[in-house]
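This report concerns only the one structure given below.
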Amino acid sequence: MTRSSSRWLTVVAVTGVLATATPARAEVRTARPSPRDHAVYAREIAEASRRYAVPERLIWAVIRVESGFDQRAVSPKGARGLMQLTPETAAILGVRDPFDPRQNIHGGTRHLRAMMERFRYDVRLAVAAYNAGERPVAQYGGVPPYPETREYVTQVLRLYGMPDTQLPIERAEMRSNGVRRIVEANGSVTYTNIAFGGVGALLP
């Protein structure tokens with residue numbers, strides 16, 4: 001088994017386990033981007049982006065809204081660190097110290113990747129699940145009607161550089177990860193870096 005295969009098997013396993021995890025409903029913060037934000041943890045964000053095939057800007061946007069880049073942040077519900085992991089979720093992800101920037105960023109990115117896989121690479125739904133939990137998103141078949149979650153999704157996607165009604169992943173970042181664009185019979189569009197028997201075309 002190659003290292004790459006092993007890594008993806010781990011992500012798939014985490015996806016199943018996280019279905020029972022308590023969502024990290026962090027307080028939605030006022031999103032005011034600062035050039036300094038991304039620079040402080042650039043190495044950790046870039047490493048997590050490469051390892052889990054999640055765009056750097058999306059990781060940055062989630063951190064900005066979750067904690068305002070405060071590595072010691074604790075929400076009223078006990079979520080901790082940059083990507084606001086609850087103790088239960090941190091334990092499932094193997095994050096021993098949620099206040100350690102590298103552990104938190106890698107754990108949170110892996111969780112985000114799992115949600116992306118669960119919701120067919122619809123980043124809008126994955127972001128909603130990161131905030132509200134997987135079950136409510138599946139139950140409502142979309143972003144749950146929670147004011148906090150809807151505001152959260154809007155802020156994250158705005159920071160990511162797109163309205164929350166547009167397609168989720170930037171073409172340049174998708175090309176670098178070998179992501180394919182799949183148009184299904186009902187007209188819906190899915191982006192994925194997993195091959196489906198030749199269906200879909202690699203973005204130019």
Side-chain angles (χ1 to χ4, degrees), residues 11 14-15 17-34 36-49 51-52 54-119 122-138 143-144 146-161 164 168:
V11 171
V14 169
T15 304
V17 175
L18 284 175
T20 61
T22 303
R25 290 194 184 182
E27 177 185 355
V28 178
R29 299 164 184 272
T30 302
R32 294 182 179 178
S34 164
R36 182 173 176 274
D37 286 346
H38 194 181
V40 173
Y41 302 107
R43 177 179 295 180
E44 289 82 1
I45 291 172
E47 183 181 344
S49 172
R51 186 168 185 178
Y52 304 111
V54 175
E56 287 187 40
R57 286 184 60 196
L58 183 58
I59 300 170
W60 176 86
V62 168
I63 294 174
R64 190 70 184 85
V65 177
E66 286 284 0
S67 67
F69 277 81
D70 178 1
Q71 71 182 71
R72 305 300 300 178
V74 179
S75 79
K77 297 187 178 181
R80 301 173 180 179
L82 292 168
M83 297 189 77
Q84 291 289 278
L85 303 177
T86 63
E88 181 183 10
T89 300
I92 291 172
L93 293 166
V95 176
R96 296 183 179 180
D97 180 2
F99 296 117
D100 177 85
R102 186 177 187 279
Q103 289 186 45
N104 191 287
I105 289 171
H106 276 260
T109 302
R110 199 166 77 189
H111 187 13
L112 183 57
R113 171 71 193 197
M115 294 302 96
M116 289 173 68
E117 291 192 348
R118 170 66 177 83
F119 293 103
D122 184 324
V123 175
R124 185 168 178 263
L125 296 186
V127 168
Y130 191 94
N131 175 261
E134 176 182 344
R135 287 195 182 100
V137 175
V143 178
Y146 309 149
E148 174 195 319
T149 299
R150 291 190 169 183
E151 181 184 356
Y152 177 88
V153 171
T154 297
Q155 288 195 17
V156 169
L157 297 186
R158 181 182 297 129
L159 285 171
Y160 185 48
D164 60 2

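Side chains are part of it too, since the values below use all heavy atoms of this structure and drop only hydrogens, waters and symmetry mates.
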Test item: Q155 and R64 side chains (from C-beta on) under 4.5 Å apart, heavy atoms: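 Side-chain contact under 4.5 Å: no.
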Side chains of T86 and K77 in contact at under 4.5 Å (non-hydrogen atoms):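 No, every pair of side-chain atoms sits at 4.5 Å or beyond.
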Side chain to side chain donor-acceptor pair (under 3.5 Å) assessment of N104 paired with Q71: CA-CA 9 Å; N104 191 287; Q71 71 182 71; over 6 Å; no
Test item: [X] side-chain N/O and [Y] main-chain N/O as donor-acceptor pair under 3.5 Å:
X: E148; Y: N131; answer: no
X: R80; Y: V74; answer: no
X: Y130; Y: M83; answer: yes

Reported [atom1]-to-[atom2] distance for the pair [X] and [Y], which is rounded to 0.5 angstrom:
X: R113; Y: E117; atom1: CZ; atom2: CD; result: 4.5 Å
X: L112; Y: I63; atom1: CG; atom2: CD1; result: 10.0 Å
X: M115; Y: E134; atom1: CE; atom2: CD; result: 4.5 Å
X: H111; Y: L85; atom1: NE2; atom2: CG; result: 7.5 Å
X: D70; Y: Q84; atom1: CG; atom2: CD; result: 8.5 Å
X: I59; Y: H106; atom1: CD1; atom2: NE2; result: 8.5 Å

Taking every non-hydrogen atom, the tightest pair across [X] and [Y]:
X: A48; Y: I105; result: CB-CG2, 3.9 Å
X: A138; Y: R118; result: CB-NH2, 3.5 Å
X: M116; Y: L58; result: SD-CD2, 4.5 Å
X: R110; Y: G94; result: NH2-N, 4.3 Å
X: F119; Y: L125; result: CB-CB, 3.9 Å
X: G107; Y: L93; result: O-CD1, 3.2 Å

Ring geometry between F69 and Y41 (parallel below 30°, tilted from 30 to 60°, perpendicular above 60°):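 Parallel, since the angle between the ring planes stays under 30°.
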